[in-house]
Amino acid sequence: MANLDKILYKALHNIPITTEEIRYLLKLTKDSARERLFATARVLRRRYFGDKVFLYGFVYFSTYCRNDCTFCYYRKSNQDCIRYRKTTREIVDIANALAESGVHLIDLTMGEDPQYLSRSNEGYEQLVKIVKLVKQKTNLPIMISPGVVPKDVLKKLKQAGANWYACYQETHNRRLYDRLRLNQSYDERWAAKIFAKTIGMLVEEGLLVGVGDCIEDAVQSFGEMRKLGAEQVRTMSFVPQKGTPLYATGAVNDYYEINTIAVMRLVFPDKLIPASLDVEGIQGLKERLDAGANVVTSIIPPEAGLAGVSQSTLDICEGYRTVPGVTPVLEECGLTPATLAEYRDWLANKLGNGAKEGVMCE
Ligand SMILES: C[S@@+](CC[C@H](N)C(=O)[O-])C[C@H]1O[C@@H](n2cnc3c(N)ncnc32)[C@H](O)[C@@H]1O
Ligand SMILES: C[C@H](CCN)[C@@H](N)C(=O)O
Ligand code: SF4
């Protein structure tokens, strides 16, 4: 049996694929072979999630940051970026509007804003209060992406209602990490996720591709994601940002990100895998869903004055990054938004709140 046949057969029969086979799949360039990979990924997604897709509202509530990541538009040294801090009232109102629009989760994200990440003038307390108020107002599951925070703060954020902690390593190749996240400890960032798991939070791990990474890095990352027990795993293609050191690297072809999404589905068939609107906007959604993704992330309301991360403005004012904006694409893919109850069931199952085991769709 040809390599591809054998590998896809193993994936469909729950036989773990080897690192050599992962390398082979990540390198696929022929359309016919990639389409067979994607079709297998879709079969596995259906096995665990039926035709249901989860939708995440995205509230990037502060774009101030103390760090200087070489890939990021919001790095502290970038004088020309859109800097804003939404008030607590604005954050709650935006989250509520997103909830009413039909998202399943609110992702509260910020740069590592010194105003919040501080023990003085109630910085951390303010962050905890935002989570509490958003939870009270929306009663939705909450993801927080504040960067690295101390253990006692993470505990308070969880108690306030945060279910997920997202703090992407970008890569598990330490040398590359040091070139990306300048002066940020690899181990501290990793430990924050480990700790979040120990206090009963779900964790998302994310890769950034097109920044000098290689196939070996992806293989290594899959192993680290498994060790971490990440319940959501993502990859995003690097989007060059003016005024940043990596700008000259140039944009990457998205084929590798799409291959990686599909291979993630084969390696982690029951995990949540985002199709982010923050790389190629609504135009990039179908191919990410066709590769096996089952969460649409970076849904941003048009009139809230919010930015995206890697695509700070793309498709936001036009209203394409909304539930009504993405739903036709889901339908084109034979998919449909899950109900909130289905997302809550999935969450309860993972959080071990005694909900029923097994796949979402009977
Ligand atoms: C969610 S945002 C900010 C949250 C928090 N400040 C942090 O760094 O964890 C950070 C993530 O967005 C993604 N990102 C940032 N800039 C990007 C770019 N230019 N292209 C692609 N992804 C990018 C990276 O994966 C990064 O981990
Ligand atoms: C990278 C962001 C998420 C952070 N937790 C968001 N722009 C996304 O693509 O989902
Ligand atoms: S990725 Fe996060 S920590 Fe790094 S510069 Fe951007 S906002 Fe700051």
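Every number for a ligand or one of its atoms is a count from 1 in the order of the listing.
The pair D80-K242 does not count as a salt bridge, with every side-chain nitrogen at least 4.0 angstrom from each carboxylate oxygen. A salt bridge links D187 with R174: the closest approach of a Lys/Arg side-chain nitrogen to an acidic carboxylate oxygen falls below 4.0 angstrom. Ion pair R23/E216 flagged as a salt bridge, since at least one NZ, NE, NH1 or NH2 atom sits closer than 4.0 Å to an Asp/Glu carboxylate oxygen. At a threshold of 4.0 Å, the pair R226-E205 does not count as salt-bridged, since none of the basic side-chain nitrogens sits closer than that to a carboxylate oxygen. A salt bridge links R119 with D152: at least one charged nitrogen is closer than 4.0 Å to a carboxylate oxygen. Contact check on D93 versus K86 returns no salt bridge, with no Lys/Arg side-chain nitrogen under 4.0 Å from an Asp/Glu carboxylate oxygen.
Nearest non-hydrogen protein atom to atom 10 (O) of ligand 2 is T297 OG1, 2.8 Å. Of the protein's heavy atoms, C69 SG, 2.4 Å lies nearest to atom 4 (Fe) of ligand 3. Annotation: atom 18 (C) of ligand 1 to nearest protein heavy atom, S310 CB, 3.5 Å. When hydrogens are left out, the protein atom nearest atom 11 (C) of ligand 1 is Y168 CD1, 3.9 Å; that is the closest non-hydrogen contact. Looking at atom 6 (N) of ligand 1, its nearest protein heavy atom turns out to be M110 O, 3.0 Å. Scanning the protein for heavy atoms near atom 9 (O) of ligand 2, the closest one is S276 OG, 2.6 Å. For atom 16 (N) of ligand 1, the closest heavy atom belonging to the protein is F71 CD1, 3.5 Å. Summary of contacts: the protein heavy atom closest to atom 6 (C) of ligand 2 is F58 CE1, 3.6 Å. For atom 15 (C) of ligand 1, the closest heavy atom belonging to the protein is V309 CG1, 3.3 Å. Among protein heavy atoms, the minimum distance from atom 22 (N) of ligand 1 is reached at L208 CD1, 3.4 Å. Taking atom 1 (C) of ligand 1 as the reference point, the nearest protein heavy-atom neighbour is T109 CG2, 3.9 Å. With respect to atom 6 (Fe) of ligand 3, the closest heavy atom belonging to the protein is C72 SG, 2.3 Å.
Side-chain atoms of D270 and K350, non-hydrogen and from C-beta on, do get closer than 4.5 Å to each other. Using a 4.5 Å heavy-atom threshold, the side chains of L272 and W346 count as touching. The side-chain heavy atoms of Y56 and V103, taken from C-beta on, include no pair separated by under 4.5 Å. Annotation: side chain of V252 is not in contact with side chain of E257 (no heavy-atom distance under 4.5 Å).
Aromatic rings of Y343 and F54 (six-membered ring for Trp) have centroids within the 6.0 Å cut-off, being under it.
Tested against N294, the residues R45, K271, R265 include a single side-chain hydrogen bond (donor to acceptor under 3.5 Å, both in side chains) partner, R265. Each of I261, N259, V43 was evaluated against F38; a single residue qualifies, N259, per the side chain to side chain contact (heavy atoms under 4.5 Å, CB included) test.
Neither the backbone nor the side chain of E257 has any atom closer than 4.0 Å to an atom of ligand 1 (non-hydrogen atoms only). At a heavy-atom distance under 4.0 Å, no atom of P240 approaches ligand 1. No part of W164 comes within 4.0 Å of ligand 2, judged by heavy-atom distances.
Distances below 4.0 Å separate heavy atoms of G111 from the following atoms of ligand 3: 7 (S). Near R189, the atoms of ligand 1 lying under 4.0 angstrom from a non-hydrogen atom of the residue are 7 (C), 8 (O), 9 (O). Those atoms of ligand 2 with a heavy atom of T109 less than 4.0 angstrom away are 4 (C), 5 (N). Per-residue contacts place S145 under 4.0 angstrom from the following atoms of ligand 1 (heavy atoms of the residue considered): 4 (C). Remark: ligand 1 atoms within the under-4.0 Å shell around heavy atoms of Q241 are 19 (N). Set against the non-hydrogen atoms of E170, the atoms of ligand 1 under 4.0 Å away are 24 (C), 25 (O), 26 (C), 27 (O). With ligand atoms numbered from 1 in the order given, ligand 1 contributes 20 (N), 21 (C) to contacts under 4.0 Å with heavy atoms of S237. Of all the atoms in ligand 3, the ones that sit under 4.0 Å from a non-hydrogen atom of Y60 are 7 (S). Short contacts between ligand 2 and D107, defined as distances under 4.0 Å to a heavy atom of the residue, involve ligand atoms 3 (C), 4 (C), 5 (N). Applying the 4.0 Å criterion to heavy atoms of V239 picks out, from ligand 1, the atoms 18 (C), 19 (N), 20 (N), 21 (C). Contact atoms of ligand 2 toward S145: 4 (C), 5 (N) (distance under 4.0 Å to a heavy atom of the residue). Against a heavy-atom cut-off of under 4.0 Å, R181 is close to the following atoms of ligand 1: 7 (C), 8 (O), 9 (O), 26 (C), 27 (O). Residue contact check: D278 has heavy atoms under 4.0 Å from atoms 7 (N), 9 (O) of ligand 2.
At least one donor-acceptor pair closer than 3.5 Å links the side chain of R83 to the backbone N or O of T63.
Under the 4.0 angstrom criterion for non-hydrogen atoms, Y64 is not in contact with ligand 3. Under a 4.0 angstrom heavy-atom cut-off, F71 registers as being in contact with ligand 3. For the pair G206 and ligand 1, no heavy-atom separation below 4.0 Å is found. By the 4.0 Å heavy-atom criterion, Y56 is excluded from the residues contacting ligand 2. Contact analysis puts R181 in contact with ligand 3, with a non-hydrogen atom separation below 4.0 angstrom. Put simply, no part of C69 is less than 4.0 Å from ligand 1, judged by heavy atoms.
Residues Y60 and L140 share a hydrophobic cluster, clusters being chains of Ile/Leu/Val/Met/Phe/Trp/Tyr side chains in contact below 4.5 Å.
For the 3.5 Å distance criterion, the side chains of S237 and D254 fail to qualify, holding no donor opposite an acceptor. For the residue pair D278 / S276, no side-chain donor-acceptor distance below 3.5 Å is found, with atom types taken as modelled. Side-chain atoms of R321 and S298 include a donor-acceptor pair closer than 3.5 Å. Between the side chains of Y168 and R234, at least one donor-acceptor pair of N or O atoms lies under 3.5 Å.
Distance check: Y256 OH to C214 SG gives 7.5 Å after rounding to the nearest 0.5 Å. Atom CD1 in I300 sits 6.5 Å away from atom CG in L306 (nearest 0.5 Å).
An N or O contact shorter than 3.5 Å is missing between E204 and ligand 2 by distance.
For atom 8 (C) of ligand 2, the choice among R321, Q311, R234, Q232 with the nearest heavy atom turns out to be R234.
At a cut-off of 2.8 Å, C65 does not coordinate atom 6 (Fe) of ligand 3 through any N, O or S atom.
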